[in-house]
Amino acid sequence: MSLLQMNDLQRHYQTPAGTVKALDGINLEIQEGERVILLGPSGSGKTTLLNCLSALDSPTNGMYMFQGTEVPRSHSEKMTSFRRENIGYVFQFFNLLQDLTVLENIHLIQELAGKKDPVRAKELLKLVGLEAEINRFPGEISGGQQQRVAIARSIAKRPTLLLGDELTGNLDTETSNKVMEALVHACEQENITAVFVTHDEGLVKYATRVIRIDSGKIISDQKVDSSDEEA
Amino acid sequence: MSTLLNKRLARSLWRTKLRLVAVVLMVFVGVFAGITFGGYAHNLGGMYETMQADDDGGANLADLWIDNRSATWSPGQVDAFCDSLASEFGSNPAALFSLDSCEGRTVTQGTMFHTNGTGGHLINSFWHGIPGDANADRVWMPEGHSIGRTAAAADEIVIDAHVTEALEIELGDTVNISAGNTSASFTVVGTGYHPLHVMMAPEGTLFPPESGQYVVGYLSDTGMARLTGHAVGTSNTIVLDVEGTPSYDLPDTPEYEGEEIDVLKGIVDASLSATELDARVRDRGQNEPVEVMRQDLEGTKRTTVPFTVMIASIASITIVLSLQRLVQSQAKEIAVLRTLGVKRSSLMTGYLVAPLVIGGIGCALGALAGPWGMNGMLDFYQDLVGMPIIVRTIPSSIYLTVIGSTMCVVFLSGAFPAWKASRLDPLEVLSGQNEMRVGSNLLRKLTSWMPTTLGLSIRSSVRKPIRLTMTFIAVGISLMLFGSIQMMSAGLEETMVGGLENDQSWDAQVYIMPDGEQPVFDWAENNSANYEMLIEMPLGSVADADDIERTFTLVGIDSFESGMRAVSLLDGKAPSGNMAVTQVVMEEGSMRFLEWNVGEQQTVHINGAPHDVEIVGTATAELARTMYFLRGDLSEILGVNATSIYLEFPEGVEVDSALGEVSTGVVKRQTLLDGINSLLDQQTQIFQTMMYLGLLFTIVVMFNTMIMNVAERDFELATLRVLGASTRSLGLMLLFESLLIGLIGGIVGVLFAYGGAVGLAASFSSWQFFVPVTIVPSVAWQLMTGVILIAVAMTPFGIWRLRRMDLVEKVKDLSS
């Protein structure tokens, strides 16, 4: 069953130089449980697409349906509400709150979503392999560990869709692999659909589907299987 | 390259206009306040210098007054004394100053009969007889601020300019005046001032009645002779002036400064003995009207310093916080430029110039507006004392000091953080590592039991402890301006008005000559008025712990509880009469200064003679130092039954001319109250200006800090918004943070306000003028509530920032 559908989605920006078509007719359907990587050069529209998927940004034209319902596109609080109920987000630079411990960063999101669940928070940290660091502050752990905390935080409220923008962009190869393994493990355990943007072709092996974008259009959309990974 | 870099910096700073304007505004405020108060203090002294100058433009102020109000010295006696004095001056090698003038005068209390639209009135008055060739002191008639000329003929009078407007007296008017049992009419030939009557209050009282309720007039010597019926040249006062101004003891300082005047007094005493004249000798420090105004001037000048320092501190703290923040926000740009290879020295040029430009603009504006502020304050003081302040200048030293110190603060606040930023590792700045920090475990433990959102609010609030501390200090100082003045005003009002209004029930106080009470009793009985005798004389003195002689007023009343002048006791009991050691009650201010306690026996001097007294009680503070006796006891010591009579009138009875004729002066209690209230209202006006300035500063400082706090949380707030936090939940977090800062700020403010009140009262207080501090709970609550409300009122700004946050742009920032 489709989790989300985009039909002829467009996002245009007016600049002094003219109209920029960041998204120029995106047709996309993502199923539940998929792990999708968006690949493309700079300025191709990957981040814009991610922003529209998360309702951070509103498309200029086209349709975006999520679980059969049209996603709000003009009311800031409704869009925030949509994100709170459905979306998990992981940033490139982790964006953990420095004044809270690892565990408290997760508690905060749970509280903002409605209710703190200390047991689940600890389970999530165990899921990403950080159960020993629960009382450490972000400044006391490595970048890779911080990103794993960010992943745990992003799924704390059981989102339907997890989004990530260059989430390994700030990490070395070995750490990136650890982070991605944690992400895949968490998505499989929690049955979360994931879409993440990256430049890194090496992360294809962690995806079930690769979509390439250029100039605001999808230029290829391929499923990834184990034989492709070995290749 | 430097030009380009400076251009970049200017444009970058211009992007944060609001913050830039706030810094310029604070610089302006600091400089404006410094020049206003500095110029004010400088010119206040000039007011007295102009009037007291011994030249054609001034009226001179004598150095010594030799008087005996109940004496009548013939011109021969006065001449003999002056000759003896001149001889002593000439032959005494210890005389450091030469005698300039030795002149006889008659001065007397009296009454003016004044008729206006509301009928005829008896006005308590004081008359001077001043010869045409007077030199020791004269009537001051400054050009543009007085009219007419001095009195020359026997039927001419100059009325003091303080009262002419209230009484609608003009040149050519005829006034009817009396002194004791004699009266006469005079023609008004001028209005002017006199150095002894800057404060228009009867002798022995610190409270000027309402304008027009006390009159001073200046007759010629022939005019005084005509009024009193004595020969021309008859005197009860001799005024002495020497070349220069010998130092005299200042009653409000612990040191003794009267060595020079003591030599002169010794010479005067010798001449008094030689010529067998019985008189008291007073220097400027012992002449109450002169000394009170000197202390008022010194007190006013003294208070300008703490006010200026407070305002400058608040301005400085705000400048430091804002400018630091302004420059620290440039850290990334600085890092980028350093990465591109720009040298530190090229970079720093702009950051050295920028604060100078910002400070320069603020200083220029402040310097332009300062004279206007100074004139406003001088106009206010001029109206308060009723004397013109003619010379108004601002020395360049004030400009240099104020502007110099301000520019130092601005320069250091801007240059130092820029220097620090230029020394940061560009890689660390660009990778955001310089913003990484480890949270506080202590805070974590303290807040772990709370909901995480509240815990985050508390931890965010104290994230920058130095900034928070500086904010609280600035808020505390601002509230010190606001709250301390309120607390002090409450104490002042209670002291000045409370006793007179609540504890006293007399309607009129009738001053009499010794043994002159019977005619007043007769008048009272004829008018069904109640009466009560009173002794009130400034004849007490005692040496304090530093061996400085302190004078105080002796008051003798018949009953401490049920009389027309009840005495509120803080401690102890009312005296009992006819004891082996005279029992007395001393008021609070005296007890504190002298460090006396109830139950102690002390030796005081009464009219020059030592006398043992037992302190049996402490009365509530009065402005003047006072010792209360039972009238019978004091009468035995002084040898007079009464110096005045209190009268309580039945309905429809008022002071009339018949009463005036049997008295040397009449004061109505309502007139006194009206005068005090009027004075308090005037004082309150300038105090209120300070108060609201304090409140304004509180708002500005808190607003400034909270804007910075919210702006620095953009990163956090944007992250939480992207993660789905609603505006409502984030708004509640901001609200809690505001409440917390407001609560702590309020407590700090109350503490500062109380400390400031104590300090302010202490700076105003002296032996002559004691100001108690009353802790007014309502003021404390007001301060707390006010600060909390101000802090909470900043929350909508934070919510507004949240709402207008472009999350798409923020995500780019967060992901880069």
Side-chain angles (χ1 to χ4, degrees), chain A residues 47-48 50-52 54-58 76-77 79-101 103-114 116 135-140 143 146 150 153-154 156-157 159 163-167 169-170 197, chain B residues 430-441 443-445 447-448 450-464 712-733 737 802-816:
Chain A
T47 301
T48 308
L50 208 69
N51 289 342
C52 288
S54 62
L56 273 173
D57 199 2
S58 305
S76 172
E77 284 307 308
M79 290 162 75
T80 304
S81 186
F82 169 77
R83 275 199 307 283
R84 183 168 59 251
E85 288 161 15
N86 299 290
I87 307 293
Y89 208 107
V90 184
F91 301 88
Q92 180 179 359
F93 279 97
F94 338 129
N95 289 18
L96 298 176
L97 301 185
Q98 303 291 317
D99 293 308
L100 300 179
T101 61
L103 184 64
E104 288 168 342
N105 264 276
I106 298 173
H107 284 167
L108 180 68
I109 297 305
Q110 289 176 330
E111 269 182 29
L112 289 172
K116 192 161 92 173
N135 287 324
R136 304 281 285 271
F137 287 98
E140 295 176 307
Q146 289 187 55
R153 178 181 68 175
S154 69
K157 52 182 178 161
L163 303 174
D165 194 350
E166 299 286 1
L167 51 107
N170 201 37
V197 161
Chain B
L430 292 172
S431 66
Q433 292 302 306
N434 69 317
E435 287 173 18
M436 291 291 287
R437 65 184 177 278
V438 177
S440 161
N441 270 311
L443 267 178
R444 183 182 65 80
K445 283 174 190 162
T447 56
S448 59
M450 298 179 180
T452 315
T453 39
L454 292 188
L456 178 62
S457 290
I458 292 172
R459 297 181 205 185
S460 298
S461 305
V462 297
R463 186 177 299 164
K464 300 259 171 145
E712 280 176 355
R713 294 191 68 196
D714 269 358
F715 168 84
E716 261 177 41
L717 295 172
T719 301
L720 293 173
R721 285 278 283 161
V722 170
L723 293 175
S726 66
T727 314
R728 185 177 168 275
S729 54
L730 294 180
L732 281 173
M733 272 173 58
E737 206 174 307
L802 273 176
R803 286 196 199 280
R804 67 183 275 270
M805 221 177 249
D806 183 342
L807 293 180
V808 173
E809 288 302 316
K810 283 294 174 193
V811 164
K812 283 186 199 163
D813 293 341
L814 296 173
S815 298
S816 61

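Since we're looking at a predicted model, the values are computed, not measured.
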How close do [X] and [Y] get, heavy atom to heavy atom, and via which atoms?
X        : Y        : result
A:Thr101 : B:Arg444 : CG2-CD, 3.0 Å
A:Phe137 : B:Asn441 : CE1-OD1, 3.6 Å
A:Arg84  : B:Ala725 : NH1-C, 4.0 Å
B:Thr452 : A:Glu104 : CG2-O, 3.5 Å
B:Leu723 : A:Tyr89  : CD2-O, 3.5 Å

First locate atom [atom1] of [X], then atom [atom2] of [Y], and finally report the distance between them rounded to the nearest 0.5 Å.
X        : Y        : atom1 : atom2 : answer
B:Ser726 : A:Arg83  : OG    : CZ    : 11.0 Å
A:His107 : B:Leu456 : NE2   : CG    : 14.0 Å
B:Leu732 : A:Leu112 : CG    : CG    : 10.5 Å

Given a strict heavy-atom distance threshold of 4.5 Å, which part of B:Thr447 is in contact with chain A: side chain, backbone, both, or neither?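 For B:Thr447, neither part sits under 4.5 Å from chain A.
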Select one option (side chain, backbone, both, neither) describing which atoms of B:Leu720 are under 4.5 Å from chain A's heavy atoms.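 Interface part for B:Leu720: side chain.
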Do you know which of A:Leu96, A:Leu100, A:Asn95, A:Leu97 makes side chain to side chain contact (heavy atoms under 4.5 Å, CB included) with B:Glu716?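 Considering A:Leu96, A:Leu100, A:Asn95, A:Leu97, a side chain to side chain contact (heavy atoms under 4.5 Å, CB included) with B:Glu716 is found only for A:Leu97.
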Within-4.5 Å side-chain heavy-atom neighbours: [X] and [Y]:
X        : Y        : result
A:Met79  : B:Leu807 : no
A:Thr80  : B:Thr727 : no
B:Arg803 : A:Ser76  : no

Check salt bridge (Lys or Arg N to Asp or Glu O under 4.0 Å) between A:Lys116 and all other residues, then give those that pass, not counting sequence neighbours. none
Set of salt bridge (Lys or Arg N to Asp or Glu O under 4.0 Å) partners for A:Glu77, sequence neighbours left out: B:Arg721
Segment of A:Leu108 engaging chain B (4.5 angstrom heavy-atom cut-off): both
Tell me, for A:Arg153 versus chain B, whether the close heavy atoms (under 4.5 Å) come from the side chain, the backbone, both or neither. side chain
Which one of A:Leu50, A:Thr48, A:Asp57 has the most heavy-atom pairs closer than 4.5 Å to chain B? A:Asp57
